[in-house]
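What's counted below: heavy atoms across the whole structure, side chains too, no hydrogens, waters or symmetry copies. Here the structure is a predicted model, which means the values were calculated and not measured.
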Amino acid sequence: MRAAVPFIFYTSSQLVEITGRQATDLVELVAALKELDLSVVFYHVHHAFREHQFAPGVYTNDFAHWVGRELGEAVLAEKLANLNIKEYVELSALRDALVAIIESYLKLGGELRHAAAGRGFYFCKNIGVIQPTRYVAWDLDEFCSLLHLVGLRSLFFHFFEARLRLNRQSNDFSDWIKQQFGNERLARRIEALDPYIYTMDELRDQIVALICGGRTQPNWFDKVKIWLSLK
Amino acid sequence: MAKPKIEEYARVIRSQNFDEIMMLADKLAGKRVKMVNATAVGGGVAEILTRVVPLYNQLGLKVKWEVIKGTGAFFAVTKNFHNALHGSKVEIGEKDFAVFNEATEANLAEMDFTGDDYVIVHDPQPAGLIAAKEKSQAKWAWRCHIDTAHPQADVWNFLRQLIVKYDASIFSTPWFARDLPHPQYFIYPAIDPLSEKNRNLSRHEIDTVLNKYQIDRNRPLVVQVSRFDRLKDPLGVIETYRLVKKQVDCQLVLAGGAAADDPEGVQVLNEVTEAAKGDPDIHILALPPFADLEVNALQRAATVVLQKSLREGFGLTVTEALWKGKPVVASAVGGITLQVIHNFTGLLVHSVEGAAYQIRYLIGNPQVAKKLGEYGREHVREKFLITRKLRNYLLLFIALDHPGQDIIKL
């Protein structure tokens, strides 16, 4: 079945700007979180998903990572790491959630720990450069084949960034499938995927498996077809 | 060795990273960029510019690399600046600033920035060229390769009044950033996986180098590669080796060259040679420029690579070792901590004793050493290869054209 409107794969590149702000304990961390630009929150909770993950065991959000490693606050680190960014459609809500977790922890009244000299939290922000790729899908088979060719940052853009752009619990893939093919069940199943238990490669494979069944890699015919269409 | 074609990198990095470079470069085709630094040979900056400039040109940009000129007195002053920015106590007076300004004026008289779209000035030595900005149409960025986390105040204040005139600054890590009125970006330095220093070598090539320097293939080998500079703590390296040697019959290679802008190098080399005297298992190798094959072979032959720096901007020699899958023991300073994640991509240490302990541990546990090396290589593949740097600079050029925008749609 051919879509009336094709799916155009975009990609987002990232340059990192240093804000110059630093926190050395939890009080400073909360204060900065409340004051700094929301693109700071975006950067520190998302950037790990944009990079190839080659080994398990590292927290994906920088706040959890720093709190655990530099302050030795393992419990708080786990609470922060457990925050599911997929549940947030606005960065301000995500920021509020981070602040609430840290402030609740501070209320328990334990000793305020300080990072060693030079091991503070350095706040950075995201400068995103967005552009369309040359990959355009008109049907689901083509979509699956192209999803293997586009980069993980394209996956990130359509699966993670989309909810902040759309301001609702969805992603560009699910939206397109629902609108063009009326397949709400498939759209919901894609949206329900948990990005925290997969690497980005695995997440892509899961999406392709849901859409195209067992055939998760483009075959030689697809590759030739794509190659010819891009010439 | 012929310069590699940009397409050859597609075999080394993930395809998404390669595609992104091509797409971004497409948007910048024909743009004129000038890179300026202080030396054409020696040191990490010259090395990376040698590799990166031809690649930008293959991508369709028009990039020129120019090197400023200076007298011995000027480079002595800028070496002091370098040490002072790294946090060492250095005596600097008005006379030194005058020498710096004089050299800047001389270079300004000879250099032309007409027609450039972007000018990237590397490190403090050429920073004064910003005086040419008024007459140029270009966007100017200052690229700092130094650990400026704790600079000596008088030197930083002198440089700051130049740096503030730039449109942006670039630092190797967030903690090197300073209080500046313009955007400060962070871009990791990088190595070229296809260069003579980093390409794969055959067993024969490695053995030839080991034979040349009479290094025993059959005993553990600890290697530190870095220029002869006190901040690399070469005497601490020898002390470390002597502690290890008490337990393990090993050898040490301390290899490095001298950069044209580093007059202190000869003096340090003499001190190191003196300290090593009488021990045939310590190999002090003062390598000439372009001894990249030797460096590559020595790193690949190492049982453990050591980087015992007291201060470090980034530590590209660590990146090189990680890329070769070597277990690395390194000081937890500067940009090394971005590369060596303790117990994951290597081992971080804080003293001679710590370094000796971890070296002994890795020599005795080759399986652990192998695993650290494997993770280290993948860490470099994703973050510290020249292709990442290419991508980041392309993004920087785009960001310079869109000041104040967090999201740029092309």
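Note: B:N17 leads B:I341, B:I170, B:D179, B:N17 in heavy-atom pairs under 4.5 Å with chain A. Across A:S12, A:G120, A:S13, the residue that shares the most heavy-atom pairs under 4.5 angstrom with chain B is A:S13. Most heavy-atom pairs under 4.5 Å with chain A: of the set B:L395, B:L394, B:I187, B:L180, this distinction falls to B:L395. Most heavy-atom pairs under 4.5 Å with chain B, from the set A:V129, A:I18, A:T11: that is A:I18.
In this structure, B:I398 and A:Q131 have side chains that are not in contact, with every pair of non-hydrogen atoms separated by 4.5 Å or more. By the 4.5 Å heavy-atom criterion applied to side chains, B:D19 and A:Y135 are counted as neighbours. Residues A:I127 and B:I408 form a side-chain contact, since some pair of their non-hydrogen atoms from C-beta on lies under 4.5 Å apart.
For B:D26 and A:R134, the salt-bridge test fails: no basic side-chain N is under 4.0 Å from an acidic carboxylate O.
Contact annotation for B:R377: neither backbone nor side-chain heavy atoms come within less than 4.5 Å of a heavy atom of chain A. Heavy atoms closer than 4.5 Å to chain B are found in both the backbone and the side chain of A:T133. Within the 4.5 angstrom heavy-atom criterion, no atom of B:R178 approaches chain A. Using a 4.5 Å cut-off between heavy atoms, A:R21 does not touch chain B at all. For B:S169, no part sits under 4.5 Å from any heavy atom of chain A, backbone or side chain. Contact annotation for A:Q22: neither backbone nor side-chain heavy atoms come within less than 4.5 Å of a heavy atom of chain B.
A 6.0 Å sphere centred on NE2 of B:H342 holds more than 12 heavy atoms belonging to other residues, nucleotides or ligands. Counting heavy-atom neighbours within 6.0 Å of A:K86 NZ, excluding the residue itself, gives a total above 12.
Across every non-hydrogen atom of A:R153 and B:E382, the tightest pair is NH2-OE2, 3.8 Å.
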B:L410 and A:I130: CA distance, side-chain angles, deciding distance, side-chain contact (heavy atoms from CB on, under 4.5 Å) verdict: CA-CA 6 Å; B:L410 298 180; A:I130 296 165; over 6 Å; no

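Only one option out of A:Y122, A:F121, A:F123 pairs with B:P174 in a side chain to side chain contact (heavy atoms under 4.5 Å, CB included); it is A:Y122.
Annotation: the span from B:Y393 atom OH to A:L15 atom CG amounts to 10.5 Å, rounded to 0.5 Å.
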